[in-house]
Amino acid sequence: MHTSRAARAAGERVMWLTSQRVFYAGLLGATRSRSLGGHAVYVSPRGLPNRVSIDGGPWQSGELLVVPPHMPHRVESPEPQVFNVVVEAESVEADALPPLLQHSGAVHDETMVRRVRVAHAQLLAACQGQAAAPADFDQLFFGQALVPRRLDARIAQVIARICANPAESLAAEACAESVGLSFSRFLHLFRDQVGVPFRVFRAWKRARSLLRYVHQGTSLTDIALEAGYPDSTHFSHSIRQVYGLTPSDIVAGSRRLAVMDAHGPAAA
């Protein structure tokens, strides 16, 4: 672990990135509409209320905001920094989610706000070599294990392949053939199981993979190629649609971001 470099870079900015969860404590930026592929929770770092407009609806304000997966929304904060927890939609059983994640908009939950702020402090301590890295994301942020979604084994196989290599140029036709389904049946079953079309899911996972590269000092051209985008125009458009920011804005805002993954704190 390169904890000394991570500590110098961290300040108060840190990201914990796993295959099914993300915690981001860093700059929000002047975001346009964004659409994340997971259950998104926003918490203000110091009590000043953030505000959110979901799918063009009225602005709602609060210390804690919740947005359902793949729902276009805009978030604004009076502070430069924001805390953001994202739980991948296909990884959890929707009917068994904690009540918090079944809401949309501003939610009053002092326990969750406190838990996220404490988690942030613990992650910073881990990046600075002052404490062990937390082992269980769900326990840290939700105080319980979230119930995993039960998926059709054929759809689960395709999801695992996409998540393992989001940059792969994977066509729905090839996926259908690989699991022994007709093209039309595969598309119908995928949407029924996952909640969004195959194309939308694949685009989200590819855009999500950008988070792996933001702290590595890699050029935008190299990031686009590594992430599987055919050209810079497609790369920029896709990233702006998901995050509400350009790739260059995201990379610039991540220069002092310490990143933790399955292996612990990484070099910044």
Side-chain angles (χ1 to χ4, degrees), residues 17-22 24 31-42 52-57 66-75 84-95 97 101-102 104 148-179 181-212 223-224 226-247 250:
L17 179 63
T18 80
S19 62
Q20 299 179 335
R21 309 284 190 265
V22 180
Y24 171 77
T31 59
R32 303 173 179 85
S33 178
R34 51 172 39 194
S35 181
L36 306 179
H39 300 273
V41 178
Y42 297 90
V52 65
S53 170
I54 300 175
D55 201 20
V66 180
V67 181
H70 298 285
M71 184 66 69
H73 62 283
R74 289 188 63 191
V75 177
N84 182 203
V85 180
V86 179
V87 176
E88 299 297 303
E90 81 285 355
S91 73
V92 288
E93 195 66 58
D95 293 339
L97 287 171
L101 293 180
Q102 298 188 35
S104 178
R149 182 176 292 192
R150 290 167 292 184
L151 293 165
D152 181 285
R154 295 163 295 185
I155 300 303
Q157 180 181 327
V158 172
I159 288 174
R161 180 175 175 181
I162 293 172
C163 292
N165 185 12
E168 183 181 7
S169 182
L170 192 60
E173 293 88 345
C175 290
E177 183 177 354
S178 71
V179 295
L181 291 170
S182 69
F183 180 52
S184 60
R185 175 59 181 155
F186 170 75
L187 292 180
H188 176 81
L189 184 61
F190 190 96
R191 180 160 191 162
D192 180 66
Q193 290 277 299
V194 180
V196 292
F198 174 84
R199 175 183 54 80
V200 173
F201 180 83
R202 186 184 58 186
W204 156 245
K205 291 301 183 181
R206 184 167 290 178
R208 187 189 191 276
S209 71
L210 169 68
L211 303 178
R212 302 176 183 174
I223 291 174
E226 287 284 341
Y229 290 97
D231 54 64
S232 59
T233 299
H234 188 189
F235 176 50
S236 180
H237 174 76
S238 298
I239 296 303
R240 287 179 65 175
Q241 191 171 35
V242 168
Y243 297 107
L245 295 165
T246 65
I250 293 173

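The structure presented is a predicted model; accordingly, all values stated were derived computationally and were not measured. Numbers here simply count residues along the sequence, with the first being 1.
- Here the side chains of Phe186 and Val158 are in contact, with some heavy-atom distance below 4.5 Å.
- Using cut-offs of 30° and 60° for the angle between ring planes, the Tyr229 and Phe235 rings count as tilted.
- Atom-to-atom distance recorded for Arg150:CZ and Gln193:CD is 11.0 Å, nearest 0.5 angstrom.
- Scanning both residues, Ala227 and Ser209, for their nearest heavy atoms gives CB-OG, 3.8 Å.
- Taking the charged nitrogens against the carboxylate oxygens, Arg208 and Glu88 do have a contact shorter than 4.0 Å, which makes a salt bridge.
- Distance alone, capped at 3.5 Å, is enough to place a donor-acceptor pair between the Thr31 side chain and the Val75 backbone.
- Atom CD1 in Ile223 sits 12.5 Å away from atom CZ in Arg212 (nearest 0.5 Å).
- The local environment of CD in Glu173 is crowded, with over 12 non-hydrogen atoms from other residues, nucleotides or ligands closer than 6.0 Å.
- Heavy atoms only, all atoms of each residue included: Met71 and Asp55 are closest at SD-CB, 3.8 Å.
- Ser238 contributes a side-chain N or O that, together with a main-chain N or O of His234, makes up a donor-acceptor pair within less than 3.5 Å.
- Nearest approach of Ala164 to Pro166, heavy atoms of both residues: C-CD, 3.9 Å.
- Here the shortest heavy-atom pairing between Val86 and Gly38 reads CG1-CA, 3.9 Å.
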Report the C-alpha separation of Val85 and Val22 in whole Å, then their side-chain angles, then the decisive distance to 0.1 Å, and conclude whether the side-chain contact (heavy atoms from CB on, under 4.5 Å) test is met. CA-CA 6 Å; Val85 180; Val22 180; over 6 Å; no

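- Of all non-hydrogen atoms in Ser53 and Gly56, the two that sit nearest each other are OG-C, 3.7 Å.
- Distance CD/Glu90 to NZ/Lys205: 3.5 Å, rounded to 0.5 Å.
- Within the 3.5 Å criterion, the main-chain N or O of Val41 finds a donor-acceptor partner in the side chain of Asn84.
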Would you please test Leu97 and Val92 for side-chain contact (heavy atoms from CB on, under 4.5 Å) and show each step? CA-CA 7 Å; Leu97 287 171; Val92 288; 3.7 Å; yes

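- Contact of the Ile162 side chain with the Phe201 side chain is registered, since non-hydrogen atoms from C-beta on lie closer than 4.5 Å.
- Using a 30° and 60° split on the angle between ring planes, Tyr243 and Trp204 fall in the tilted class, from 30° to 60°.
- Here the CD1-CG distance, from Ile159 to Leu151, works out to 5.0 Å after rounding to the nearest 0.5 Å.
- Partner of Glu168 under the salt bridge (charged side-chain N to carboxylate O under 4.0 Å, His left out) criterion, chosen from Arg206, Arg161, Arg202: Arg161.
- Scanning both residues, Pro72 and Ser35, for their nearest heavy atoms gives N-OG, 4.1 Å.
- For the atom pair OG (Ser91) and CZ (Arg149), the distance works out to 8.0 Å, reported to the nearest 0.5 Å.
- Put simply, CD1 on Ile239 and CZ on Arg34 are 11.5 Å apart, with the number rounded to the nearest 0.5 Å.
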